[in-house]
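Written below as structure tokens is the structure these notes are about.
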Amino acid sequence: MIEVVAELSRGPVFLAGEALECVVTVTNPLPPTATSASSEALAWASAQIHCQFHASESRVALPPPDSSQPDVQPESQTVLLPHRGERGQCILSTPPKILFCDLRLDPGESKSYSYSEVLPVEGPPSFRGQSVKYVYKLTIGCQRVNSPITLLRVPLRVLVLTGLQDVRFPQDEAVAPSSPFLEEDEGGKKDSWLTELAGERLMAATSCRSLHLYNISDGRGKVGTFGIFKSVYRLGEDVVGTLNLGEGTVACLQFSVSLQTEERVQPEYQRRRGAGGAPSVSHITHARHQESCLHTTRTSFSLPIPLSSTPGFCTAIGETLTIVGGEGSPGDNTLDFLSEILNPGSLPHDFPALPEYRVSFLFSNLLTTSCHWLLLLASKCFCLYLPPPPPPAAVSLKWRLHFEFVTSREPGLVLLPPVEQPEPATWTGPEQVPVDTFSWDLPIKVLPTSPTLASYAAPGPSTSTITI
């Protein structure tokens, strides 16, 4: 019997682009007093990160699946598949890394191995919605000789900050003061630089304050004025707003405001379309404030954004991404280069005349798919690849403030007894008040927060164990 323990030292929450570090400890739990014949052996172990996508069959209509890749991988396969036995589609996976081979442990002996991998910035965030789910896991596969593969899965939560995909780590200049007497870890320096950059961007986006005023009115007149100081927040912040009802001409009896997420699926992926072909939308309320406000001149509310919630995002359905290692892609000046080749006036003077060359273009569906340009110039062949345009957002998650107002139909409604009465009398309020209700939505933007803060405030399992 062998016990395998995987531990995430910093917690289970990470920012896309960060380096995940996990310590895998393999132990022979038998007491040291056991005989040497009780030693245990493992043939190999590897680790890999993958993201599993699952769509609700009652809400989302997916493209026809590939018959060669079943929706559920059987448990009996001997090939290492990180998503084996899980439902859905593996849309992202990193290259597997071998932790060890031919490991033998005596009774009571234990060995630890370190695994590190950068979380891809191209993937979606962790999300469990009503229509789709994106689940990240670190899978560690182990196998004995002549035995099936055993998988140990460690759940992860990945936060995605839009804009970090185009950031390049500075190579020529140091990002922090360095000491010649200390060994510098290039990977750790890059990871800390990315974390600091993400923190600066989040601070710059969420620290700007400017009072925004909105006049709220129905068909009969003005109800009040709503004020909010910013529209961009981070996970864990409070959405604070003020409501001024003293300037209204329509009496407001009650109002409620809800902090909601709106999960939307585009019509072409809907299982059941709504009236008029509107996109399927599902709402989840994270916080709510309700108040009776008759004769109230000014009031305020504060709605906390849960740290366990998901920031807004947009993703495409059915897009599979496999990280194969390496970096570098054709530059954005590909079209400029082609235009120079095709324009004889822009070529250098010593460049041979264009008719001496055979130029052919092979392209297909330029506006929707990738385009391959093949330039045959004499005996030289230049292959330029133009990346396809970003796919349309099939699933989106947005945040909003949803207001509901209850107003009186009677102008100048008075529900208080007269202040001055000549003699004592009993006053009774009206039994029924004719009212109208209406709603109003104010969109806001919610961004990620520090992964460390999210790990401490919403702790999750950072250690997983399996016995082989």
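All values derive from a computational prediction rather than experimental measurement. Heavy-atom basis, side chains included; hydrogens, waters and symmetry copies ignored.
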What pair of heavy atoms forms the shortest contact from [X] to [Y], and how long is it?
{"X": "Asp238", "Y": "Tyr233", "value": "O-CE2, 3.7 Å"}
{"X": "Pro306", "Y": "Ser309", "value": "O-OG, 2.6 Å"}
{"X": "Ile140", "Y": "Ala47", "value": "CG1-CB, 4.1 Å"}
{"X": "Val265", "Y": "Gln270", "value": "O-NE2, 3.4 Å"}
{"X": "Gln254", "Y": "Ser292", "value": "OE1-OG, 3.9 Å"}
{"X": "Leu99", "Y": "Ser114", "value": "CD2-O, 4.4 Å"}

- Task: Decide yes or no on salt bridge (Lys or Arg N to Asp or Glu O under 4.0 Å) for Arg298 and Glu247, but give the supporting numbers first.
- Result: CA-CA 10 Å; Arg298 185 184 297 270; Glu247 302 176 354; 5.9 Å; no
- Picking from Tyr214, Phe255, Phe405, what satisfies ring pair (Phe, Tyr, Trp, His ring centres under 6.0 Å) with Trp440?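 Exactly one candidate clears the test, Tyr214.
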Does [Y] offer a backbone N or O that forms a donor-acceptor pair with the side chain of [X] under 3.5 Å?
{"X": "Thr249", "Y": "Lys222", "value": "yes"}
{"X": "Lys445", "Y": "Lys398", "value": "no"}
{"X": "Ser464", "Y": "Ala6", "value": "no"}
{"X": "Tyr136", "Y": "Pro124", "value": "yes"}
{"X": "Arg128", "Y": "Val135", "value": "no"}
{"X": "Ser126", "Y": "Val158", "value": "yes"}

Test item: side-chain donor near acceptor, [X] and [Y], under 3.5 Å:
{"X": "Arg220", "Y": "Thr407", "value": "yes"}
{"X": "His286", "Y": "Thr261", "value": "yes"}
{"X": "His50", "Y": "Thr139", "value": "yes"}
{"X": "Gln266", "Y": "Arg264", "value": "no"}
{"X": "Ser439", "Y": "Glu404", "value": "no"}

- Message: Determine whether Lys97 and Glu117 satisfy the following criterion, salt bridge (Lys or Arg N to Asp or Glu O under 4.0 Å), listing intermediate values before the conclusion.
- Response: CA-CA 9 Å; Lys97 292 185 178 180; Glu117 183 63 84; 3.6 Å; yes
- Measure the acute angle between the ring planes of Tyr134 and Phe313, then classify it against the limits of 30° and 60° as parallel, tilted or perpendicular.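 Judged by the thresholds at 30° and 60°, the geometry between Tyr134 and Phe313 is perpendicular.
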- Message: Students often mix this up, so state it plainly: with edges at 30° and 60°, are the rings of Phe301 and Phe226 parallel, tilted or perpendicular?
- Response: parallel
